[in-house]
> 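Have a look at this one before I ask anything.
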Amino acid sequence: MREETIRLYLEQWNQNLFSLETYRQAQKHWDAIAKPIHGLGILEEIIAKIAGLTANVDVSFNKKCVLVFCADNGIVEEGVTQTDSSVTAIVAANMANGTASINRMAKAANTEVKVIDVGIRDQVKSDRILARTIRRGTRNFLKEPAMTKEEALEAIKIGMEAVRQCKKEGYQIIATGEMGIGNTTTSSALISAYLGIHPEKLTGRGAGLSDAGLEKKKTVIVQALKKYGWMDQKIEDGETAFRVLCEVGGLDIAALAGVFLAGAIEQIPIVIDGVISAAAALTAYRLCPYSVNAMIASHSSKEQAQQAVMEELGLAPILYGNLALGEGTGAVLLFPMLDMALEVYRENATFEQTKIAAYQNYERDKP
């Protein structure tokens with residue numbers, strides 16, 4: 001693939017459709033509601049941000065879904081996980097059958113689950129899984145690049161198309177989910193490269209590695225980053241970031257990056273889940289900084305790499321539950337809170353209606 005092709009795609013994605021005027025209107029509406037200024041904290045900011053993203057002060061998300069992208073990772077060959085790749089297909093099948101953790105939680109949050117296969121090693125036969133398989137798992141990135149440029153770009157496009165389809169079907173907010181044994185290794189490698197932070201400081205235990213397993217995981221990531229020349233460099237330009245994605249990333253992360261890109265273009269808010277979707281969000285941000293306009297942070301997982309991503313993106317997670325489940329469960333946890341905040345935003349009486357003197361927003365009204 002010619003580098004010019006990637007450059008053209010970057011230009012296509014680089015759109016800023018965020019309405020600052022609508023965002024400020026939403027902030028003023030919050031201030032007019034009969035409650036203390038900033039009484040709902042970050043929740044108020046999220047609703048205002050969604051208003052700005054959609055260019056509509058009348059925020060609504062009655063129809064919600066979580067997009068779960070499933071793929072395997074060749075790096076599992078290096079012994080960086082507690083289980084083998086067969087688990088990916090098993091859990092994907094459970095999600096399709098409605099029996100996984102994300103299904104139970106999504107049901108409680110009135111959210112639909114959509115499972116998409118972009119690279120599961122073992123074929124899963126189910127009419128409830130959207131088959132978009134690019135290849136049966138990535139290559140072992142310690143030996144060779146995980147994906148070709150064509151494969152990575154195809155995964156991004158699949159993620160973008162999934163968002164476009166959701167918009168056609170009337171979904172107003174989307175949570176991100178994933179399933180793929182080994183994807184905390186790919187995520188830590190990407191985040192270390194993008195932020196220029198040593199893997200020792202960012203790499204966690206994933207689904208539960210022993211001390212020896214964790215050290216092995218860190219060593220593998222360090223070796224890979226040295227192999228491709230990305231140790232201790234902060235990568236910020238889009239073309240280089242795409243190259244790193246191909247070398248040490250995953251098909252699920254590439255597809256999720258497409259989801260975040262399309263969120264900004266299609267003006268649909270996208271909720272970040274754990275460290276894997278955080279790595280995808282950072283990838284999208286490197287490809288197109290405006291994509292952050294569509295990103296909503298849900299929780300801070302116990303993977304330290306995610307906290308570093310949130311700081312880089314300037315996002316503030318609401319939930320601090322030491323979560324490590326994945327599948328989109330942390331993102332879906334945020335939905336009931338947003339529903340309650342939106343009820344206040346849309347239905348509460350204003351100071352004028354209650355004939356109470358309005359609070360002054362001294363911070364916003366500074367000269």
> Do you know which of V115, I158, D117 makes side chain to side chain contact (heavy atoms under 4.5 Å, CB included) with F69?
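One option only clears the test, and that one is I158.
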> Salt-bridged, R136 to D122, with N to O below 4.0 Å?
no
> Using modelled atom types and a 3.5 Å cut-off, is there a donor and acceptor pairing between side-chain atoms of N348 and backbone atoms of I33?
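No: the side chain of N348 does not pair with the backbone of I33.
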> In plain terms, say whether R139 and E77 are close enough for a salt bridge, that is, a side-chain N and a carboxylate O under 4.0 Å apart.
no
> Please say which of L195, I272, L190 ends up in a side chain to side chain contact (heavy atoms under 4.5 Å, CB included) with L282.
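So the option named by the test is L195.
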> Are L153 and F242 packed together at the side-chain level, in the sense that at least one heavy-atom pair is separated by less than 4.5 angstrom?
yes
> Does atom NZ of K226 have more than 12 heavy-atom neighbours from other groups under 6.0 Å away?
no
> Might you confirm whether atom CZ of R164 has over 12 heavy atoms from other residues, nucleotides or ligands at distances under 6.0 Å?
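Yes, because the 6.0 Å sphere around CZ of R164 holds more than 12 heavy atoms from other groups.
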> For E169 and Q165: C-alpha separation, side-chain torsions, deciding distance, then whether side chain to side chain donor-acceptor pair (under 3.5 Å) applies.
CA-CA 6 Å; E169 294 175 8; Q165 184 61 36; 3.0 Å; yes
> Can you tell me how far the CD atom of E11 sits from the SG atom of C288, to the nearest 0.5 Å?
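Interatomic distance, E11 CD to C288 SG, rounded to 0.5 Å: 11.5 Å.
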> Between atom CD1 of I42 and atom NZ of K49, what is the distance when rounded to the nearest 0.5 Å?
11.5 Å
> Does any N or O in the side chain of N56 come within less than 3.5 Å of the main-chain N or O of V59, such that one atom is a donor and the other an acceptor?
no
> Taking only Lys NZ, Arg NE, NH1 and NH2, and the carboxylate oxygens of Asp or Glu, determine whether E239 and R243 approach each other closer than 4.0 Å.
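Salt bridge absent between E239 and R243.
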> Hey, mind stepping through E236 and Y285 against side chain to side chain donor-acceptor pair (under 3.5 Å) and telling me if it holds?
CA-CA 9 Å; E236 298 185 89; Y285 181 66; over 6 Å; no
> Backbone N or O of D273 within a donor-acceptor pair of the Q306 side chain at under 3.5 Å?
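At least one qualifying donor-acceptor pair exists.
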> Taking the side chain as every heavy atom from C-beta outward, state whether E327 and V91 have any atom pair closer than 4.5 Å.
yes
> Describe, in one word, how the ring planes of H29 and Y345 are oriented to each other, choosing from parallel (under 30°), tilted (30 to 60°) and perpendicular (over 60°).
perpendicular
> Can you check whether Q12's main-chain N or O pairs, donor with acceptor, with Q15's side chain at less than 3.5 Å?
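Flag set: sc Q15 to bb Q12 pair under 3.5 Å.
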> In Å, rounded to the nearest 0.5 Å, how long is the span from OG of S298 to CG of L319?
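Result: 6.5 Å between the selected atoms.
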> Are R346 and D58 ion-paired here, with the side-chain N under 4.0 Å from a carboxylate O?
yes
> Report the distance from atom CD1 of I46 to atom CG of L53, rounding to the nearest 0.5 Å.
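Atom-to-atom, I46:CD1 and L53:CG are 12.5 Å apart.
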